[in-house]
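Side-chain atoms are counted along with the backbone in the values below, which use heavy atoms only and exclude waters and symmetry mates. Computed from a predicted model, the values in this text were never measured in an experiment. Residue numbers count from 1 along this sequence.
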Amino acid sequence: MERLTPDTRLTRTRAERPQTPAWLWIVAAVGILALALLGVSFSVPGTPLAVWWPAAGFSVWFALKAAPRQRWIAVVVIFVVTTIANALAGRDATLSLIYGAANALEAALVVELLAQRTRITARRAHFPITTGRRFQLDSAHAALYFALAAVIGSASTGVIVGVTAAVVSGAWSPLPGIFASVSHCAAILLIAPFALLPPAVATRVSRAEIAAQTLLLAGLIAITFTALTSLPGAFLIFGLFTWAVLRFPLRVVYPQALATAVIVLVLTILGEGAFADRANSPLETAAVTVVFMTSLAALTVLLSSARYETLARATAALELTRAQAEVQRERAAALADRLELERQRQDFVATTSHELRTPITSILGYSDLLRESEAATPERDWIEIIHRNAKRLSDLVEDLLALGHGEAAPSALTPVDVAAPDLIADVLCTHEPLAMARRLDLAHAAPADAVMRVDRGDALRALGNLVSNAVKFTPEGGRVLVEASRVDGEVVFTVTDTGPGMSPATLARAFDRFYRAPDAETQNTPGTGLGLAIVRELAERNGGRVDLTSPEHGGVRATLAFPAVPQHAEAGAR
């Protein structure tokens with residue numbers, strides 16, 4: 001076995017932590033730089049304000065995709081790259097550093113807020129945080145929290161940009177901060193969700209339906225935002241998009257939303273469409289465009305997440321129902337197998353009763369005749385061995401037959417008077433020869449008013465097995481006492497012996513089939529280990545019970561109880 005040193009454990013722990021792929025660092029740096037330079041061109045003619053800043057959304061996407069323990073490095077990369085991008089766009093070093101810090105702070109705030117919610121959810125669900133859980137847009141509540149985080153992050157950028165613009169220009173105006181905040185928020189809502197996609201769930205939608213909706217959407221954009229017509233129809237885009245949100249998978253909805261927003265933005269910047277034609281000023285055009293993009297992004301995130309939550313719950317409920325149905329089918333199959341095995345067992349028992357009883361009876365009969373003959377000493381010993389083992393085999397067959405039929409209901413439960421005729425005496429007379437040979441004191445006592453409702457044959461056999469056990473395990477010169485009494489609606493038989501008793505372990509398994517106590521094995525006491533199991537089955541099928549106790553001073557006390565006949569009915573029973 002390999003021994004782990006502290007250094008080895010530390011190395012393995014570091015290796016098991018999730019790592020950010022090398023390609024992601026390169027793609028993120030190049031992507032943020034390119035989108036930051038592209039964002040400068042997303043301004044409506046006549047105004048210096050950028051309507052959309054895609055680098056903000058891509059930066060948050062990159063920070064979310066980075067490994068949790070390396071996100072601070074991602075924030076540093078965002079700061080460095082966006083600072084360089086601002087410098088390349090013509091801003092001086094101070095402004096470039098300020099705007100780079102604003103972008104880095106924005107990404108850090110959004111990622112930390114989402115991580116904080118993940119930690120809170122994990123604690124509430126008693127889920128270990130170290131297992132790699134991440135924030136996902138899998139519910140309406142998660143979508144609202146993501147939108148709030150985007151608003152907070154973009155608001156921090158708006159504040160920094162607004163204050164910086166006021167300091168640089170020497171005059172306060174809320175427009176730079178507001179436009180920066182809204183443009184960044186729209187970018188985060190449109191791009192960052194690609195890093196928060198939950199596992200796909202099955203949806204019944206055809207490619208033809210997706211193609212039809214996409215073509216209708218493209219046609220509506222062409223009609224509304226080109227020179228084909230002057231009809232106002234921008235609001236219809238939300239209707240078509242609601243169709244997509246309520247029908248299509250997330251991996252279709254989010255790209256469609258991003259593509260729609262970018263196309264509308266580009267057409268508006270080119271001076272085409274409803275926003276450019278009907279706005280009173282370039283500033284109004286920019287405001288309407290950024291509000292449209294933000295509204296489209298919010299609609300996509302909120303409605304698609306709510307629908308996903310509904311689908312996920314329905315899928316989970318369906319899987320649970322299927323699992324339960326499968327369990328029921330397995331139970332039914334197991335029950336059918338059990339019933340078939342029970343039928344086969346009963347057939348085997350019935351066949352065994354006819355096939356084994358006849359030869360065993362013949363062996364016992366002829367061995368009895370041989371015992372009565374005048375045989376020499378060696379032959380007489382052999383005859384005794386034959387008779388003893390044949391009797392043992394006969395008892396085993398009878399026990400197996402009794403155990404096989406023990407689960408069936410008795411043919412009739414009738415009132416049985418313990419005293420008339422004396423049921424206990426009938427049982428003891430069978431065991432008196434062995435008791436006399438072992439010089440045991442075999443005594444009994446029964447009240448005169450104990451009437452029970454039971455199958456008499458079952459009662460005789462159950463009580464007989466208890467007495468047989470007591471006689472076999474009581475040393476020579478000992479005592480076996482059988483008593484009967486009426487207690488709380490039951491007729492209770494007790495069989496008490498002065499034997500060595502039973503250990504707690506033996507008592508715990510005494511009623512198991514084929515179980516024999518260690519003392520019985522070492523002392524070669526005859527038996528099959530089925531006697532007490534038969535007693536329990538006979539008692540339970542007659543509505544009774546059986547119990548064993550072993551006092552500290554030795555001996556065993558067996559209690560066998562059957563339902564008593566109500567006292568007002570005892571006269572009729574007699």
Side-chain angles (χ1 to χ4, degrees), residues 39 42-45 50-54 56-57 137 140 143-144 146-147 150-151 154 179 182-194 197 203 205-280 282-308:
F42 287 148
S43 58
V44 176
V51 179
W52 195 50
W53 194 258
L137 292 174
L144 286 171
F146 168 68
V151 169
S154 58
F179 264 91
V182 178
S183 65
H184 279 235
C185 183
I188 295 172
L189 292 177
L190 285 169
I191 299 175
F194 287 92
L197 292 175
T203 55
V205 59
S206 65
R207 294 183 178 179
E209 183 180 353
I210 296 176
Q213 186 271 345
T214 304
L215 289 175
L216 287 175
L217 181 62
L220 183 59
I221 294 175
I223 292 173
T224 306
F225 289 91
T226 64
L228 294 177
T229 180
S230 60
L231 295 175
F235 65 93
L236 294 177
I237 292 177
F238 290 93
L240 278 176
F241 222 81
T242 303
W243 174 9
V245 167
L246 297 179
R247 289 287 298 163
F248 301 161
L250 297 180
R251 285 158 179 79
V252 174
V253 175
Y254 284 134
Q256 194 177 91
L258 179 60
T260 301
V262 172
I263 292 172
V264 169
L265 174 63
V266 171
L267 291 175
T268 302
I269 292 174
L270 295 176
E272 302 289 343
F275 299 158
D277 293 342
R278 289 171 174 77
N280 296 323
L283 185 61
E284 184 176 343
T285 300
V288 173
T289 304
V290 74
V291 168
F292 172 83
M293 297 179 68
T294 306
S295 300
L296 182 65
L299 173 73
T300 303
V301 171
L302 296 176
L303 288 187
S304 61
S305 298
R307 176 176 177 268
Y308 179 88

Exercise. Flag yes if more than 12 heavy atoms outside R251 fall under 6.0 Å of its CZ atom; otherwise flag no.
Key: yes
Quiz item: Hey, what do you get for CZ (F241) to CG (L299), rounding to the nearest 0.5 Å?
Solution: 7.5 Å
Quiz item: Is there side-chain contact between L137 and Y254, with heavy atoms separated by less than 4.5 Å?
Solution: yes
Practice problem: Side-chain contact test, heavy atoms from C-beta onward, threshold under 4.5 Å: evaluate it for Q213 versus R247 and give yes or no. | Solution: no
Quiz prompt | S183 and V51, any side-chain heavy atoms less than 4.5 Å apart | solution = no
Practice problem: Give the minimum heavy-atom separation between F179 and A286, together with the two atoms involved. | Solution: CE2-CB, 3.6 Å
Quiz item: W52 and side chain to side chain contact (heavy atoms under 4.5 Å, CB included): which partner among I269, V290, V262?
Solution: V262
Quiz item: Between W53 and G39, what is the shortest heavy-atom contact and its length?
Solution: CZ3-C, 3.7 Å
Exercise. Applying side chain to side chain contact (heavy atoms under 4.5 Å, CB included) between L217 and each of T214, I221, L215, report the one that passes.
Key: I221
Quiz prompt | Close side-chain approach of V291 and S295, heavy atoms under 4.5 Å | solution = yes
Quiz prompt | Side chain S154, main chain V151, donor-acceptor under 3.5 Å | solution = yes
Practice problem: May I ask you to test the T224-L236 pair for a side-chain heavy-atom distance under 4.5 Å? | Solution: no
Quiz item: Can we call the ring centroids of F292 and F238 under 6.0 Å apart?
Solution: yes
Self-check item: Any donor-acceptor N/O pair, R307 side chain to L250 backbone, under 3.5 Å
Solution: no
